[in-house]
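Side-chain atoms are counted along with the backbone in the values below, which use heavy atoms only and exclude waters and symmetry mates. Every chain is numbered from 1 and lettered A, B, ... according to where its sequence line falls, protein lines coming before strand lines.
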Number of protein chains: 2
Amino acid sequence: MSAPQDTDSRRRLNREVVLQTALQLVDSEGLEALSMRRLGQALDRDPMGLYRYAANRADLLDGITELVLNELAIFPTDPDWQAQLRRIAHDLRLLALRHPNVVPLLVTRPLSTPLGLRPLGTLRPLEQILGLLIEAGFAPNDALHVYRAYYGFLYGHILNELQEFIVDPEENVALLRLGLHRLPARDFPHLRELAPVLADYDGEAELDEGISILLSGLAERLTGGAALAR
Amino acid sequence: MSAPQDTDSRRRLNREVVLQTALQLVDSEGLEALSMRRLGQALDRDPMGLYRYAANRADLLDGITELVLNELAIFPTDPDWQAQLRRIAHDLRLLALRHPNVVPLLVTRPLSTPLGLRPLGTLRPLEQILGLLIEAGFAPNDALHVYRAYYGFLYGHILNELQEFIVDPEENVALLRLGLHRLPARDFPHLRELAPVLADYDGEAELDEGISILLSGLAERLTGGAALAR
DNA sequence: CGAACGCCTCTACACCGTAGACTCTAGGCG
DNA sequence: CGCCTAGAGTCTACGGTGTAGAGGCGTTCG
């Protein structure tokens, strides 16, 4: 008897646990804090041991993006594809707000790996959204185009919002003012004028509006043009 | 006489030269290759000397993004704002294709710095596009919203395209096939089916189409709704 | 001529990813 | 029971990183 799993931090490791801990580390201390040594320390294990569960630091990063994207639910058989796209957009937005430090990985990792060789979990959303659209009646070609417009817009919005995201509203209105005050009035009149509007960014509304624009634009273009669905 | 500027690589340094060299290094060897030591070597100077022209490695990265964004021309007084937005989009796309290794910086650096404290060169496009829209008759508030939708979409597209971008078309169709072949057919039917379409991505057309969708969507929304211009 | 200043260089420190060899432990099999 | 094997975990070491701090050197000014 007497298993040696003392503090319970000494259980046998597995990839899942390693990645999860890495994610926590990134969430709480930022991407730069994630080193093999720090992670080993967090797991109370020698850093070298981690290479049993991730071939690389790069592989570790890929694993984290996979982990995060797995939190995103998609139901490819929902007949109301527009509503579904809208919901996914909001979910992904919340996901990004929950893991802001991971967002750079989300947008950056795929740039280093050709599509076919990416971690499977990363390709799942693409596949499922294609499924959703095709199920809704789109020709596969059009589905791909819709997907691209949609996902492009979505990632763009998330980057936009996170750029303007500020932690403590009170202190940072000041900071923002201070920052903007630094701008030479001669060269940045509009930005300075818009400071108050910049200060209260409503990401959810903005996203929803954007999606509406996109969907209505898509609808118009597709009904007017060639192949369509629904 | 006989100035000691022997190889001409020994001229007096300045920030511009340092950043330009750093950019070349990143362009040709990737972001990871940019270290103070490597850069010092490229400039034939002690790495420590660089700290006279960039406070930090981070500052160096900011400088590079600034440098690249300065290549983007915007004419805020053009009365045809739609055409102008379209041209800027295509120019930025080409810029991204010319400096693909810098794109991660473009999308990632702003996430680490509150808007007001960013390098001025980085804020110039924002300011000028606001100017363009306001000049065209938009209320400042609306101009900001239009800007966000536009820039969000634009960055999204660039990320999309660069993700699917593949250097050598011949070799990489094979590679793509190989990669996609790896996908379990059961779980990724649509992706596998779309392989040929994925293979010939026409970024320019796709972007133009997207911009059209966006602009028509914007027009519809704004004519139907409240304040508008033009 | 001496002092001051800016550019540059050197050395040093703490950290990083990871290759390779080692130890230890649990389990299977004779 | 005893041995063997395989895998998990560890240790050490190497070449790289950012950058603090002190020193050197040439030019320019008082």
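A:D59 has its CG atom 10 Å from the P atom of C:dT18, to the nearest Å. Atoms CG (B:L60) and P (D:dT17) sit 14 Å apart, rounded to a whole Å. Nucleotide C:dC10 holds its C1' atom 16 Å from the CZ atom of B:R45, rounded to whole Å. Note: CD (B:Q41) to P (C:dT9) measures 14 Å, nearest angstrom. If you measure from atom CG of A:L39 to atom P of C:dT18, you get 13 Å, rounded to the nearest angstrom. Rounded to whole Å, the distance from CZ on B:R38 to P on D:dG18 is 11 Å. Whole-Å rounding puts the B:R57 CZ to C:dC15 C1' distance at 15 Å. Atom pair A:R15:CZ and D:dA8:P shows a separation of 14 Å (rounding to whole Å applied).
Of the candidates D:dA8, C:dT9, C:dC7, the closest approach to any side-chain atom of B:D46 belongs to C:dT9. When each of D:dT10, D:dT19, C:dT18 is scored by its nearest atom to the side-chain atoms of A:M36, the top-ranked nucleotide is C:dT18. Residue B:S35 has its side chain nearest to D:dG18 when only D:dG18, D:dG9, C:dC7 are considered.
Between A:L34 and B:P47, the residue anchored nearer the 5' end of DNA chain C, judged by the nucleotide with its closest heavy atom, is B:P47.
In summary, the side chains of B:H190 and A:Q128 do not present any donor paired with an acceptor at a separation below 3.5 Å, with no hydrogens or angles considered.
Applying the salt bridge (Lys or Arg N to Asp or Glu O under 4.0 Å) test to pairs two or more places apart or on separate chains, none has a residue in residues 182-194 of chain B.
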Collect all protein-nucleotide pairs involving nucleotides 20-28 of chain D in which both atoms are nitrogen or oxygen and the distance is under 3.5 Å.
none

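Counting atom types as modelled, B:R37 pairs a side-chain N or O with a base atom of D:dG18 as donor and acceptor under 3.5 Å.
For A:E206, the salt bridge (Lys or Arg N to Asp or Glu O under 4.0 Å) partners two or more places apart in sequence, or in a different chain, are B:R148. With sequence neighbours left out, the side-chain contact (heavy atoms from CB on, under 4.5 Å) criterion links A:P110 to A:R118, B:Q163. A:D91 is linked by a salt bridge (Lys or Arg N to Asp or Glu O under 4.0 Å) to A:R87, counting only residues two or more places apart in sequence or in another chain.
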Criterion side chain to side chain contact (heavy atoms under 4.5 Å, CB included) on B:V18 and B:L60, from CA distance to verdict: CA-CA 9 Å; B:V18 171; B:L60 202 64; 4.1 Å; yes

Contacts under 3.5 angstrom, residues 33-42 of chain B side chains, donor-acceptor by atom type, not counting sequence neighbours:
unit_1 : atom_1 : unit_2 : atom_2 : d
B:S35  : OG     : B:R38  : N      : 3.0
B:R38  : NH2    : B:E29  : OE1    : 2.7
B:R38  : NH2    : B:E29  : OE2    : 2.9

